[in-house]
Every structure is written in structure tokens, then in C-alpha cells.
Amino acid sequence: MAKKVAIVVGSLRKGSFSRLVAKTCVELAPDSLSFEFIDIGKVSLYNQDQDTDNPPASWKELRDAIRPLDAVLFFTPEYNRGMPGMLKNAIDIASRPYGKSAWDGKPCAVVSVSPGAMGAFGANHHLRQSLVFLNMPAMPQPEAYVGNAAKMFDEGGKMTNDATREFLKKFMATYAVWVARHTPQ
Ligand code: FNR
């Protein structure tokens, strides 16, 4: 049976390049993976006072959406050399209550995306810092820094850059092996 992967995109922008790269990765992925896009846009800001037995509904929805899935794939833009605040907020919310993190042990990988040349390197590694603490085996190689993203898609949102398509296809094949290695068979 296919391993179920949560796709978490750190942008709410309608034309988000990060989301377009995520959709391209889904298209190029091997059959051993299935995907669910997780909506983090409606999740309210974390406030520890509200993290009781009856937390805000949007937090419960996020935690419940991630918990049953096998693995996670993060797509992050870069805001001021780090991951966007809304992505960090979602990560924090699903990491609680203490000892019951929805992320715990799930294999993951990070794809960072930017219209700039550096491919959101800073956001990629900012995010990886949290993944260590969350006990999520993060695929080390290949690293994925997708730069110049504004020039890679046609008007329908299809990735037109053959070299990047080829890279993402190999990336997803390696990720599928990584997921298989780090999930119960
Ligand atoms: C940016 N952008 C940006 N880009 C980058 O490569 N490094 C950076 O540090 C920043 N910083 C930054 C801060 C803020 C507040 C905004 C709004 C934008 C530009 C960013 O990469 C661009 O808006 C992307 O299009 C955002 O990703 P999505 O929405 O296309 O996925």
C-alpha cells in the first residue's frame, strides 16, 4: 500500500511558486507514495494558555490531519532568510501537547523555493533546525533549493524547466526510498 505523505506548504499566496513546485513533485512521484495537502492557512496563532484539553478547533484539525499520515514533505518559501511565520506556527501547534507531537518520528524532506537565485537556502536550514528537535528523520541528500522559480512555470502552472523537472523526479524517487526506510513495513 502507498505511504501517505502530508504536503505542507509555507505560503498562502494564490500563485505560490512553492505550491506549484509541490504540485510538480506530486506529479513526478513514484506510485509508492500518495499525497494529502494540509491546509495551514486557517490555523490560529499558538497561545499556550489555550493549549488545554479543549484547544481551538483549528489546532485539533491540524493535529488530527497529520497524525495518521506516514511522512511529511515541506515546501517553504523564504521570508527574511527564515521560514515564514505561518509555517513555524503550524509546526509549533502540531508539536503539542508535550509528548504527543503529531510530527514525531515521521520521515520528511524539505524543498525550499524562491524567485531569487539562492533557492531559499536560509529558510531550508531554518526549518531543518526544528526538524531535529521534532525527531523527524529529514532526508539529507539530495538537498532541494529551487531558485529562479518565477521563470519555471507556464501560465497554467506547469513546470517548463526540464532540468528542474528531472531533478525533482530523482528527488522524489530518493524520498520514496527514504520514507520506506523510516516507516514500518
Ligand atoms: C520575501 N521574499 C524573499 N525571498 C528570498 O529569496 N529571501 C528572502 O529572505 C525573502 N524575504 C521575503 C520576506 C517577505 C515578508 C516576503 C513577502 C517575501 C520573496 C519571496 O521569495 C517571494 O515573495 C516568493 O514568491 C514567496 O513564495 P511563494 O508565495 O511564491 O511560494
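Start at 1 and go down the list; that is how both ligands and their atoms are numbered.
Taking a 4.0 Å cut-off on heavy atoms, V113 fails to register as neighbouring ligand 1. Residue P115 places a heavy atom less than 4.0 Å from ligand 1.
At a heavy-atom cutoff of 4.0 Å, ligand 1 is contacted by both the backbone and the side chain of S18.
For ligand 1, the atoms lying closer than 4.0 Å to a non-hydrogen atom of F17 are 25 (O), 28 (P), 30 (O), 31 (O). Atoms of ligand 1 lying under 4.0 Å from at least one heavy atom of P77, given by number and element, are 26 (C), 27 (O), 31 (O). For ligand 1, the atoms lying closer than 4.0 Å to a non-hydrogen atom of S114 are 4 (N), 5 (C), 6 (O), 21 (O).
For the pair R81 and Y79, the cation does not sit on the ring face, since its NZ or CZ is not both under 6.0 Å from the ring centre and inside 45° of the axis.
The presence of a protein heavy atom under 4.0 Å from atom 7 (N) of ligand 1 is confirmed.
Taking distance alone, with nitrogen or oxygen atoms compared against 3.5 Å, S16 approaches ligand 1 more closely than that limit.
Donor-acceptor pairing under 3.5 Å is recorded for the side chains of N161 and T164. Counting only N and O atoms by type, the side chains of Q141 and E143 include a donor and acceptor under 3.5 Å apart.
R96 has no carboxylate O lying under 4.0 Å from a charged side-chain N of D104, or vice versa, which leaves the two without a salt bridge. Note on K158 versus D154: no salt bridge recorded, every NZ/NE/NH1/NH2 to OD/OE distance being 4.0 Å or above. Taking the charged nitrogens against the carboxylate oxygens, K42 and E61 have no contact shorter than 4.0 Å, which rules out a salt bridge.
In this structure, the protein non-hydrogen atom closest to atom 14 (C) of ligand 1 is Y79 CD1, 3.7 Å. For atom 11 (N) of ligand 1, the closest non-hydrogen atom on the protein side is N80 N, 2.9 Å. Annotation: atom 29 (O) of ligand 1 to nearest protein heavy atom, S11 OG, 2.7 Å. Distance from atom 19 (C) of ligand 1 to its nearest protein heavy atom, with residue and atom name: E78 O, 4.4 Å.
The side-chain heavy atoms of I7 and I38, taken from C-beta on, include no pair separated by under 4.5 Å.
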Hey, mind stepping through E166 and F171 against side-chain contact (heavy atoms from CB on, under 4.5 Å) and telling me if it holds? CA-CA 9 Å; E166 195 52 37; F171 178 87; over 6 Å; no
